[in-house]
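One-based numbering along the sequence shown. FYI, side chains are in, hydrogens and waters are out, and symmetry mates aren't considered; it's all heavy atoms of this structure. None of the values given here were measured: they were computed from a predicted structure.
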Amino acid sequence: MARRLSGQSHLILLCGRYEGIDERVRELFIDEEISIGDYVLTGGELAAMVLIDAVSRFIPEFGSDRSAEEDSFFNSLLEYPQYTRPVEFRGRRVPEVSSRKSFSHFPLEEKGSH
């Protein structure tokens with residue numbers, strides 16, 4: 001959906017408040033209704049921001065040409081586990097293969113060193 005919407009020359013997002021949009025306005029002016037999940041927000045502004053963020057990732061001027069395609073969920077697949085520094089956190093270490101690949105530009109800390 002985000003890829004499809006990114007190809008549109010214009011998008012107008014009408015955000016409901018509490019109960020939604022007046023039915024007459026919905027019937028006369030709304031081309032498509034989009035839900036970001038099965039939960040209730042106080043207004044549509046947060047949902048609109050989520051949609052804007054997802055759509056903008058497919059617009060080359062806003063990011064790299066492949067960033068959205070290389071991310072998780074693009075082909076209905078989850079991405080591999082992510083690890084950040086420190087190499088050890090609460091007794092759990094980054095796997096050795098990830099340590100070499102992800103942190104190749106950082107010197108690895110030995111256990112207990114800071």
Side-chain angles (χ1 to χ4, degrees):
M1 175 181 47
R3 178 186 286 283
R4 178 178 55 81
L5 292 174
S6 72
Q8 299 294 316
S9 62
H10 295 83
L11 294 174
I12 297 174
L13 304 177
L14 185 59
C15 303
R17 193 75 182 152
Y18 297 109
E19 293 294 323
I21 305 292
D22 186 292
E23 184 64 16
R24 297 163 294 182
V25 171
R26 193 189 67 72
E27 290 173 348
L28 289 170
F29 302 109
I30 305 298
D31 295 321
E32 182 176 0
E33 293 181 61
I34 299 171
S35 172
I36 64 163
D38 194 16
Y39 48 86
V40 178
L41 300 171
T42 56
E45 299 84 2
L46 292 173
M49 290 185 346
V50 168
L51 185 64
I52 290 166
D53 186 73
V55 170
S56 66
R57 297 191 69 217
F58 286 99
I59 299 173
E61 293 83 7
F62 287 97
S64 78
D65 293 338
R66 299 191 42 118
S67 68
E69 294 175 3
E70 293 173 351
D71 219 344
S72 59
F73 295 114
F74 179 70
N75 288 316
S76 300
L77 300 172
L78 290 175
E79 206 170 34
Y80 47 83
Q82 305 293 314
Y83 296 97
T84 60
R85 291 179 56 107
V87 174
E88 184 174 325
F89 177 73
R90 293 189 177 187
R92 299 189 61 135
R93 290 187 58 81
V94 171
E96 189 61 35
V97 172
S98 293
S99 295
R100 279 187 250 131
K101 183 177 179 184
S102 301
F103 302 122
S104 59
H105 54 289
F106 293 115
L108 290 178
E109 299 172 358
E110 290 301 316
K111 186 174 181 177
S113 67
H114 293 89

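Residues meeting the side chain to side chain donor-acceptor pair (under 3.5 Å) test with Arg92, sequence neighbours left out: none.
Salt-bridge annotation for Glu23 and Arg26: present, with a side-chain N of the basic residue lying under 4.0 Å from a carboxylate O of the acidic one.
Nearest heavy atom pair, residue Pro60 against residue Phe58, reads CD-O, 3.6 Å. Minimum heavy-atom separation, Thr84 to Val94: O-CG2, 4.1 Å. Nearest heavy-atom pair, Ser6 versus Ile59, reported as atom, atom and distance to 0.1 Å: CB-CG1, 4.0 Å.
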- List the steps and the verdict of side-chain contact (heavy atoms from CB on, under 4.5 Å) for Glu32 and Leu5. CA-CA 11 Å; Glu32 182 176 0; Leu5 292 174; 4.3 Å; yes
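No continuous path of hydrophobic side-chain contacts links Ile34 to Tyr39 [ILVMFWY only; heavy atoms under 4.5 Å].
To the nearest 0.5 Å, the span separating CZ on Phe29 from CD1 on Ile21 amounts to 12.0 Å. Rounded to the nearest 0.5 Å, atoms CG (Asp22) and CD1 (Ile30) are 10.5 Å apart.
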Show the atom names and distances, to 0.1 Å, of all donor-acceptor pairs under 3.5 Å that link a side chain in residues 42-53 to residues at least two apart or in another chain.
residue	atom	partner	partner atom	Å
Glu45	OE1	Arg17	NH1	3.3

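Within a 6.0 Å radius of CG in Leu28, other residues, nucleotides and ligands contribute more than 12 heavy atoms.
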